[in-house]
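FYI, the numbering just counts along the sequence from 1.
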Amino acid sequence: MVRVPVAELADPGNRFLVRHPSGWVGPAFEVAGMVVWGFTGGLVDALLRMGGWERPWRGGSTRDLDRAWSEARRRWESAR
């Protein structure tokens, strides 16, 4: 289990849209070398909005899921 501060999830620099190979597109977050997406990404997105923690972000950045995973892992490993 990994604990991530709400501030990291709300940071616009950690948010983007992800495209699954099936064509589904939804909210995602890159934190701690992970990509939070799918049901969990949608839940976090809704909680940030409803809790008043959401910060303005450009929702237009869309990444393919496989590429998002590999980029997150690469950035995390190079930062360690």
| said: Is there a side-chain contact between Val6 and Leu48 in this structure, where contact means two heavy atoms from C-beta onward sitting under 4.5 Å apart? | reply: yes

| So, for Phe16 and Arg63, which heavy atoms are closest and what is the spacing to 0.1 Å? | CE2-NH1, 3.5 Å

| field | Student check: side-chain heavy atoms of Val18 and Val25 closer than 4.5 Å | value | no

| said: Minimum heavy-atom separation for Pro27 and Gly42, please, with both atom names. | reply: CG-CA, 3.8 Å

| Considering residues, nucleotides and ligands other than Arg55, do more than 12 of their heavy atoms fall under 6.0 Å from its CZ? | yes

| task | Look at the side chain of Asp11 and the backbone N and O of Gly13, then say whether any donor-acceptor pair between them is shorter than 3.5 Å. | result | yes

| said: I need the minimum non-hydrogen distance between Pro12 and Trp57, along with the two atoms involved. | reply: CB-CB, 3.6 Å

| task | Work out which heavy atom in Ala68 is nearest to a heavy atom in Val35; give both atom names and the distance. | result | O-CG2, 3.5 Å

| Trp24 vs Trp37 aromatic rings, parallel, tilted or perpendicular, using cut-offs 30° and 60°? | tilted

| Once you round to the nearest 0.5 Å, how far does CE of Met50 lie from CG of Asp45? | 10.0 Å

| Only one of Val36, Leu9, Val31 clears side chain to side chain contact (heavy atoms under 4.5 Å, CB included) with Asn14; which? | Val31

| query | Of the non-hydrogen atoms in Phe29 and Val44, which two are nearest, and what is the gap between them? | reply | CZ-CG1, 3.6 Å

| Approximate separation, where rounding is to 0.5 Å, of Glu71 CD and Asp64 CG | 9.5 Å

| field | Any Val2 side-chain heavy atom under 4.5 Å of Met34 side chain | value | yes

| Ion pair check, Arg15 and Glu54, cut-off under 4.0 Å | yes

| field | Approximate separation, where rounding is to 0.5 Å, of Asp66 CG and His20 NE2 | value | 8.5 Å

| query | Within a strict 4.5 Å, meaning less than it, do heavy atoms of the Arg3 and Met1 side chains meet? | reply | yes

| query | Donor-acceptor pair, Ser78 side chain versus Arg74 backbone, under 3.5 Å? | reply | yes

